[in-house]
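The structure under discussion appears below in the form of structure tokens.
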Amino acid sequence: MGDGGGDRGGCCPPMDLFRSEPMQLVQLIIPIESAHHTISYLGDLGLIQFKDLNVEKSPFQRTYAAQIKKCAEMARKLRFFKEQMSKAGLSPSAKIMMRDDIDMDDLEVKLGELEAELVEINANGEKLQRAYSELAEYKLVLHKAGEFFYSTRSSATAQQREIEAHSISEESVDTPLLLEQEMSTDLSKQVKLGFLAGLVPRVKSMAFERILFRATRGNVFLRQSAVEDPVTDPVSGEKIEKNVFVVFYSGEKVKNKILKICDAFGANRYSFPEDLGKQAQMITEVSGRLSELKTTVDVGLLHRGNLLQTIGDQFEQWNLLVRKEKSIYHTLNMLSIDVTKKCLVAEGWSPTFATKQIQDALQRATFDSNSQVGAIFQVLHTIESPPTYFRTNKFTSAFQEIVDAYGVAKYQEANPGVFTIVTFPFLFAVMFGDWGHGLCLLLATLFFIIREKKLSNQKLGDITEMTFGGRYVIMMMALFSIYTGLIYNEFFSVPFELFGPSAYACRDLSCRDASTAGLIKVRRTYPFGVDPAWHGSRSELPFLNSLKMKMSILIGVAQMNLGIILSYFNAKFFQNSLNIWFQFVPQMIFLNSLFGYLSVLIIVKWCTGSQADLYHIMIYMFLSPTDDLGENQLFIGQKTAQIVLLLLALVAVPWMLLPKPFLMKKQHEEVVSAC
């Protein structure tokens with residue numbers, strides 16, 4: 001049990017913000033008939049962490065494995081519904097209306113029926129959509145290929161007329177003999193060409209043409225025409241740019257090769273009549289069938305959308321119920337069964353203040369489950385180290401989560417989350433202080449705070465939910481940013497003379513555009529914050545940026561020192577001298593040999609007005625520690641001090657890390673021997 005939930009009513013004693021809550025190991029003996037209600041109510045209470053008393057058993061050997069499998073199947077169906085809603089562009093209802101009258105067995109049956117209905121609708125819709133796409137392609141083939149044949153016939157007729165006209169005008173003695181020879185040609189020897197029509201993806205059209213030419217050794221004639229708009233492919237259902245093709249061939253062998261090539265390139269083939277009358281008739285039939293299919297597909301999509309909308313209205317409630325049910329059975333699997341197989345025995349940690357609340361929950365579970373025997377609650381005495389539990393409220397919970405993200409304090413140690421309430425937003429404001437930005441942040445977070453009751457019951461997006469959870473952190477950051485922004489005299493990076501005119505003015509016209517050089521003090525010091533004249537500096541680093549950076553370092557190093565001290569501010573820790581010498585001391589030495597020394601340099605530079613380059617000093621402290629500092633020397637003996645600090649930092653690393661495993665082993669052996 002890490003950090004806990006919010007403050008739970010007036011029956012609880014006042015929170016100890018600086019220490020974790022005192023914990024106790026409790027044992028519950030729960031009758032089988034009231035076990036489900038008991039775990040449900042205790043889960044809603046959130047004040048007990050159960051121990052796993054069946055560690056030696058695998059998940060499949062535990063008592064409630066079948067129920068967990070059933071919950072997992074219902075969760076799978078809910079995931080399927082969510083995927084379908086996402087594809088349809090729908091989202092589950094944000095409002096969660098909890099109902100206690102929903103039976104899980106009825107919900108399982110209902111989810112199964114909805115899944116079967118949705119699967120059937122999807123299958124029928126896919127068949128109809130595929131048939132519609134095929135007819136749409138067929139219509140395109142009829143139009144485009146019909147244009148091929150019409151243009152070819154027109155061209156052949158014109159060419160024939162031209163030949164006849166030419167032959168009549170140039171008659172000779174041999175002409176009748178040639179005509180007679182042509183007419184006497186055996187009709188059985190004339191070759192009749194076959195043809196195939198269809199659509200091929202445009203990106204494959206060039207390769208399709210080359211392969212056809214090579215496979216048939218040029219014994220085909222191919223015509224292609226691009227379709228202007230993308231076409232829905234019947235197989236993949238995706239929009240694809242395609243070309244209509246007609247390929248003419250001679251012989252069955254060539255035809256078989258063309259069919260295989262079409263299959264390899266994903267070209268859809270369609271039958272095409274040669275007769276113009278039949279073409280017109282088929283276009284009319286296909287258009288009518290397309291219209292009918294369009295109506296049928298639209299009705300199916302409407303029915304599917306209504307079904308998904310009905311599911312979406314209750315999706316969050318169902319999802320929450322299934323997750324809760326699965327968690328209940330997971331917890332029940334952690335309990336051991338009594339030898340009589342009529343009771344479940346549970347052990348867990350709870351805060352001492354929660355005893356009355358847990359007992360009330362047990363009594364309520366006994367009453368609601370109509371059990372004849374109540375659950376037994378008793379406190380066990382143990383020397384085990386309890387888990388850490390911090391009581392929080394809606395204001396402190398976000399700060400506690402920030403601290404716990406780095407590590408949870410040990411039992412009864414000082415809670416750094418309390419200090420983070422001030423240090424975290426203030427350190428943010430030191431780095432990003434601007435009262436214009438701060439006002440924008442404040443207005444945004446006030447919107448969440450004013451509407452928190454309404455928003456807390458809604459399903460928010462990931463980013464919005466994260467922002468809403470940290471609304472009080474952002475509010476504190478905004479307030480501190482306004483304060484430090486007034487000190488820095490920055491409103492969206494622009495200085496304002498809010499508290500009077502600047503104390504500095506130009507000595508003469510030559511310094512009109514200067515920021516600091518050439519300015520003289522002509523009136524009393526600016527009453528609050530940074531003088532507007534110092535906002536922009538002609539130095540290598542702007543003055544305010546330098547001030548923000550150095551203030552952040554000073555406050556950050558002070559906070560880290562305070563954090564290390566507080567983390568070990570524990571009587572048990574300081575009773576052991578090994579902990580002091582092998583953990584506390586090397587950490588303090590390492591931190592202050594580097595960052596503490598940098599903080600001292602910043603303060604010395606401010607006090608002396610030196611122009612030393614602190615970047616140069618810190619970099620060459622590692623690269624060339626024995627070189628002379630020259631103009632970067634801030635005090636006498638600085639080079640010797642840097643060498644000593646560098647050696648201390650290098651020694652502190654193994655001093656801090658190597659003994660730690662042995663100390664942890666020793667502490668573990670002490671606990672085992674005590675048990």
Side-chain angles (χ1 to χ4, degrees), residues 388 402-410 413-420 422-424 426-428 430-431 548-607 612-627 629 632-668:
T388 303
I402 292 172
V403 173
D404 291 344
Y406 292 93
V408 180
K410 293 181 180 179
E413 281 187 350
N415 183 14
V418 180
F419 305 94
T420 308
V422 175
T423 58
F424 181 81
F426 181 66
L427 191 58
F428 168 86
V430 169
M431 293 186 287
K548 291 179 181 181
M549 186 182 300
K550 291 173 181 176
M551 287 295 297
S552 301
I553 292 172
L554 291 175
I555 296 175
V557 172
Q559 182 180 354
M560 285 191 285
N561 276 283
L562 180 62
I564 292 175
I565 293 172
L566 289 176
S567 64
Y568 295 126
F569 194 73
N570 186 322
K572 291 182 180 179
F573 177 84
F574 283 108
Q575 284 176 2
N576 190 342
S577 60
L578 293 177
N579 289 334
I580 298 174
W581 288 107
F582 290 103
Q583 293 187 48
F584 179 75
V585 172
Q587 287 184 11
M588 294 295 289
I589 289 175
F590 180 78
L591 174 64
N592 292 295
S593 295
L594 303 177
F595 301 103
Y597 175 62
L598 176 59
S599 302
V600 171
L601 291 180
I602 291 172
I603 296 172
V604 172
K605 182 178 178 179
W606 281 350
C607 295
D613 187 352
L614 299 186
Y615 292 105
H616 186 278
I617 293 174
M618 294 303 297
I619 290 172
Y620 284 91
M621 177 179 173
F622 291 91
L623 298 181
S624 303
T626 59
D627 289 357
L629 297 172
N632 289 321
Q633 183 166 337
L634 289 171
F635 55 88
I636 299 173
Q638 182 178 351
K639 183 173 74 172
T640 305
Q642 288 185 175
I643 294 173
V644 172
L645 291 173
L646 183 61
L647 291 174
L648 285 174
L650 293 175
V651 171
V653 174
W655 183 7
M656 178 172 49
L657 298 179
L658 293 180
K660 190 169 185 177
F662 299 101
L663 292 175
M664 295 177 67
K665 181 181 179 183
K666 182 180 179 182
Q667 292 173 358
H668 177 70

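In this chain, residues are counted from 1 in sequence order. In what follows, every heavy atom counts, from backbone to side chain, and hydrogens, waters and symmetry copies are set aside.
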I'd like to check the side-chain hydrogen bond (donor to acceptor under 3.5 Å, both in side chains) partners of Ser593; sequence neighbours left out, ordered by chain and number.
none

Rounded to the nearest 0.5 Å, what separation is found between the [atom1] atom of [X] and the [atom2] atom of [Y]?
X      : Y      : atom1 : atom2 : answer
Phe622 : Leu650 : CZ    : CG    : 7.5 Å
Leu594 : Ile589 : CG    : CD1   : 11.5 Å
Ile553 : Leu598 : CD1   : CG    : 5.0 Å
Ile617 : Tyr597 : CD1   : OH    : 6.0 Å

Apply side chain to side chain contact (heavy atoms under 4.5 Å, CB included) to residues Phe419 and Gln559 and explain how you reach the verdict.
CA-CA 9 Å; Phe419 305 94; Gln559 182 180 354; over 6 Å; no

Kindly check if the number of other-residue, nucleotide or ligand heavy atoms within 6.0 Å of [atom1] ([X]) is above 12?
X      : atom1 : result
Leu658 : CG    : yes
Phe590 : CZ    : no
Phe635 : CZ    : yes

Applying salt bridge (charged side-chain N to carboxylate O under 4.0 Å, His left out) as the test, list every pair that has at least one member in residues 636-649; sequence neighbours left out.
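Output for this query lists Asp628-Lys639.
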
Taking only residues at least two apart or on different chains, which pairs with a member in residues 648-659 satisfy side chain to side chain donor-acceptor pair (under 3.5 Å)?
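For residues 648-659: none.
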
Closest non-hydrogen atom pair between [X] and [Y], with its separation:
X      : Y      : answer
Met621 : Gln642 : CE-O, 3.6 Å
Pro416 : Val403 : CG-CG1, 3.5 Å
Lys548 : Ser552 : O-OG, 2.7 Å

Between Val430 and Leu554, is a side chain to side chain contact (heavy atoms under 4.5 Å, CB included) present by the stated rule, with each step listed?
CA-CA 10 Å; Val430 169; Leu554 291 175; over 6 Å; no

Report the C-alpha distance between Met618 and Phe595 in whole Å, list the side-chain angles of each, state the deciding distance to 0.1 Å, and finish with yes or no for side chain to side chain contact (heavy atoms under 4.5 Å, CB included).
CA-CA 10 Å; Met618 294 303 297; Phe595 301 103; over 6 Å; no

Between the side chain of Ser624 and the main-chain N/O of Tyr620, is any donor-acceptor distance below 3.5 Å?
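Answer holds: no.
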
Could you tell me whether the side chain of Leu634 reaches within less than 4.5 Å of the side chain of Leu614, counting heavy atoms only?
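A side-chain contact exists here, since the closest heavy-atom pair is under 4.5 Å.
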
Beyond-backbone contact of Asn632 with Gln638, side-chain heavy atoms, under 4.5 angstrom
no

